[in-house]
Amino acid sequence: DEECCTLVRELPPLLKGCDMVIQKFYSNSKVALKTLPKELLSKKVKFEDKEEILEEMKVLGMTWDAESDLYRYHSKYKDCSTFFEKMGFSRDQVWTKRLILKLSATVFDPLGLLCPFTIRSRSILQSLWTEKLDWDTPVPAQYQKDWSKWLNDMFVLSTIIKIPRWLNITKAKRFQIHVFCDASTKAFAACVYVRVIEEQDSSKREKVECHLVVAKARVTPVKAETVSRLELAACVIGARLGCFAARALGLNAEDNFYWTDSSNCLHWINTTANSLKTYASNRVGEIQTITQIPQWRHVDTAANPADIPT
C-alpha cells in the first residue's frame, strides 16, 4: 500500500511536466485510491456510503476483478443462444471460413492463459485452409460440428477461468521459474510457472505455491514433421518464454528449470549443435545460447502441464 500510494502521489505531477495528463487510476489498494481526487479515478471505481465499489476492469484482454484480485475471461454475452440472437444468427447457422476467422479473432489472449482453448480454433482454421475453400463457401459438416462446440465452450470460460494476478513474490520468500514444453502432431506449446517457497516459522516445513505466468501454443506446420522435431520446436519456445519471464520478474534466467517429456530432445540438447543436422542444429544452438544444459530435465507426460494445450 505504501509503495502504491507513493506512485499515485508522484506520477501525476511528474507526467504533467511533460504535458501528459495521467488519470483513470484503478487499483486493488483502497488506501491508494483514497489519496487521489475523484476526477483522476477510473469510472470503474465508485464511492457510495464512503466505501469503494470496484467494478471489473479489462486488462490484457481479460477482466481484472480488483476486489478478489483475479483475472477472469469475460464474455459480452451470457450464452450461445443470446449471442446468436444479438448477431442475427439462426440455430442452424451455416458457417464459412470468413465467419470462423472473424469470431475466433475476438478472443484476445496475449499472455496465453487461454491457449488450451484458443489453439483449437486455430487448428480448425488451419484445416480449413488445406481444404482450399472460398471465403463464403459453407465449410464441411465435420468442421461445422467442431466449430459449434468451440463456440459453445467459449461462453463456459467465464464461469471456470479464474487466475490470481498476484504471484506472491516477496523478498522474504524463495522462488523459481519452471518451464514445461510439449508437442503433438497438431500443436506444440510451452508454459511458465513460478514456484514460490515460504518457510514456516512454527515448523521446518515449507509452504509452496505455483502460479501460471505465461504460456504459448502454436499449430504445427502443414508440412509433416516428426513429433521429436516438434518437441524440439516447443523447447525453443520454452527457452524464449523462460528468459522473458525471468527478465519481467527481475530474476536470474540461469536459475530457471526447463522440463520436457522427450528423451530425444534431451539427447539433442546435450549434444554439440554443430554435430547435428541442420533442423536440429539451428534450434539446439539457440537453446544452448540462452539456457544452460544442466537446466534441462525430464518430466513424465502425465505430469506435464504443457500436455493440456497440445
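All values below were derived from every heavy atom in this structure, side-chain atoms included, with hydrogens, water molecules and symmetry-related copies excluded.
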### Query
Does D109 use its side chain to pair, donor to acceptor, with the backbone of L114 at less than 3.5 Å?
yes
### Side-chain donor/acceptor of S148 to backbone N/O of K145, under 3.5 Å
no
### Task
Work out which heavy atom in A217 is nearest to a heavy atom in R122; give both atom names and the distance.
O-NH1, 2.9 Å
### Query
Going by distance alone, is a donor N or O of one side chain under 3.5 Å from an acceptor N or O of the other, for W296 and T260?
no
## Note on the structure
Rounding to 0.5 Å, atoms CZ (F180) and CG (D261) come to a distance of 11.0 Å
### Query
Can any side-chain N or O of S123 pair as donor or acceptor with the backbone N or O of I119 at less than 3.5 Å?
no
### Task
Establish, yes or no, whether the cationic atom of R247 lies under 6.0 Å from the six-membered ring centre of F244 and within 45° of the ring axis.
no
### Task
Say whether V107 and V156 are linked into one hydrophobic cluster, either directly or through other cluster members, by side-chain heavy-atom distances under 4.5 angstrom.
yes
### Query
Between the main-chain N or O of T272 and the side-chain N or O of Q288, is there a donor-acceptor pair closer than 3.5 Å?
no
### Message
What I'd like to find out is whether the side chain of V139 reaches to under 4.5 Å of the side chain of L133, using heavy atoms alone.
### Response
yes
### Message
I'd like to know if the side chain of T220 reaches the main chain of T185, judged simply by a donor and an acceptor atom lying under 3.5 Å from each other, with no hydrogens or angles considered.
### Response
yes
### Message
Evaluate W95 against W135 for ring-ring contact (aromatic ring centres under 6.0 Å, His included), listing each step before the verdict.
### Response
CA-CA 10 Å; W95 297 105; W135 283 102; over 10 Å; no
### Query
Taking all non-hydrogen atoms of both residues, which atom of P116 and which atom of L113 are closest, and how far apart?
CD-O, 4.3 Å
### Task
Could you tell me the separation between the CG atom of L125 and the NZ atom of K97, rounded to the nearest 0.5 Å?
9.0 Å
### Task
Determine, using the 4.5 Å side-chain heavy-atom cutoff (strictly less than), whether I160 and F117 are members of one ILVMFWY cluster.
yes
### Query
Where the side chain of R218 meets the backbone of A233, is there a donor-acceptor pair that is under 3.5 Å apart?
no
### Query
Would you say L70 and V214 are hydrophobically clustered, going by side-chain heavy atoms of ILVMFWY under 4.5 Å?
no
### Query
Can you check whether R120 reaches K149 side chain to side chain, under 4.5 Å on heavy atoms?
yes
### Query
Honestly curious: do W129 and L99 fall in one hydrophobic cluster under the side-chain, below-4.5 Å linking rule?
yes
### Message
Hydrophobic clusters here meaning ILVMFWY residues chained together by side-chain heavy-atom distances under 4.5 Å, can you tell me if Y258 and I308 are in one?
### Response
no
### Message
Keeping D69 on the side-chain end and P164 on the backbone end, is there a donor-acceptor pair under 3.5 Å?
### Response
no
### Task
Dump the intermediate steps for side chain to side chain contact (heavy atoms under 4.5 Å, CB included) on E231 and C181, then the final yes or no.
CA-CA 7 Å; E231 293 269 14; C181 314; 5.7 Å; no
#### Entry: Donor-acceptor pair, side chain of R283 and main chain of Y279, under 3.5 angstrom
yes
### Query
So, N282 and E286: side-chain donor and acceptor under 3.5 Å apart, yes or no?
no
### Message
Do R297 and V299 make a side-chain contact, defined as non-hydrogen atoms from C-beta onward lying under 4.5 Å apart?
### Response
no
### Query
Quick one: are W166 and H211 in side-chain contact, heavy atoms under 4.5 Å?
no
### Query
How about E254: does its CD atom have over 12 heavy atoms from other parts shown lying under 6.0 Å from it?
no
### Message
Nearest 0.5 angstrom please: D255 CG to Q292 CD, how far?
### Response
10.5 Å
### Message
Do N168 and K173 have side chains that approach each other closer than 4.5 Å (heavy atoms only, starting at C-beta)?
### Response
yes
#### Entry: Atom pair CH2/OG of W147 and S104 - distance to nearest 0.5 Å
5.0 Å
### Task
Compare all side-chain heavy atoms of P305 with those of W259 and state whether any distance is below 4.5 angstrom.
no
### Message
For V94, is there any backbone N or O sitting under 3.5 Å from a side-chain donor or acceptor partner on Q144?
### Response
no
### Summary
Value for CZ (F188) from CG (L232), rounded to nearest 0.5 Å, stands at 10.5 Å
### Task
Look up atom NE2 in H178 and atom CZ in F257, then write down how far apart they are to the nearest 0.5 Å.
5.0 Å
#### Entry: Audit row: V196, L167, side chain to side chain contact (heavy atoms under 4.5 Å, CB included) steps and yes/no
CA-CA 8 Å; V196 184; L167 300 178; 5.5 Å; no
### Query
Do side-chain atoms of E225 reach the backbone of L230 as a donor and acceptor pair under 3.5 angstrom?
no
